[in-house]
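Below is one structure; the comments refer to it alone.
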Amino acid sequence: MSPLAHIAALPVRAYRLLFSPWVGHGCRYTPTCSVYALEALEKHGGIKGSWLAARRIARCHPLGGSGIDNVPD
């Protein structure tokens, strides 16, 4: 993982540690958005991985889709 990706992953890891236990497990997608974000950052680096994670989070709303959504290669 690039240094920029490590920095971008810090808020995701903080969310998983602090807020995720209280939010619940009603995720619309598999894998969850936080797992998707960490995987995207690892595969694609800081800039493209952040873009992919932001796009995924933007799709996660009541009128959005659901199901399996893996990180593209």
Side-chain angles (χ1 to χ4, degrees):
M1 197 181 298
S2 70
L4 183 60
H6 275 289
I7 293 169
L10 289 176
V12 177
R13 289 192 176 115
Y15 165 79
R16 291 183 73 182
L17 180 67
L18 300 173
F19 298 114
S20 183
W22 293 348
V23 172
H25 301 287
C27 299
R28 302 178 62 79
Y29 289 104
T30 303
T32 63
C33 290
S34 59
V35 172
Y36 182 95
L38 291 174
E39 188 176 335
L41 289 167
E42 185 176 326
K43 276 188 177 181
H44 297 289
I47 295 172
K48 187 173 180 183
S50 295
W51 170 250
L52 289 170
R55 271 189 24 200
R56 166 70 178 271
I57 291 169
R59 288 193 312 254
C60 191
H61 54 82
L63 299 177
S66 63
I68 298 173
D69 182 23
N70 294 320
V71 176
D73 289 330

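- Across G49 and L41, no two heavy atoms sit closer than the pair C-CD2, 3.9 Å.
- In plain terms, the two heavy atoms of C60 and R28 that are nearest each other are SG-CD, 4.0 Å.
- Atom CD1 of I47 sits in a sparse spot, with 12 or fewer heavy atoms from other residues, nucleotides or ligands closer than 6.0 Å.
- Residue V71 shares its hydrophobic cluster (ILVMFWY side chains chained together at separations under 4.5 Å) with Y36, L52.
- When all heavy atoms of G45 and A5 are compared, the closest pair comes out as C-CB, 3.9 Å.
- Residue-environment remark: CD1 (I68) stays at or below the threshold of 12 foreign heavy atoms within 6.0 Å.
- Here the straight-line distance linking atom NE2 of H44 with atom CE of M1 works out to 12.0 Å at 0.5 Å rounding.
- Within a 6.0 Å sphere centred on CD of E42, other residues, nucleotides and ligands contribute 12 heavy atoms or fewer.
- Going from atom CZ of R13 over to atom OG of S34 covers 11.0 Å, rounded to the nearest 0.5 Å.
- The salt bridge (charged side-chain N to carboxylate O under 4.0 Å, His left out) pairs that include a residue from residues 62-73 are K43-D73, R56-D69, R59-D69, where partners are two or more places apart or lie in different chains.
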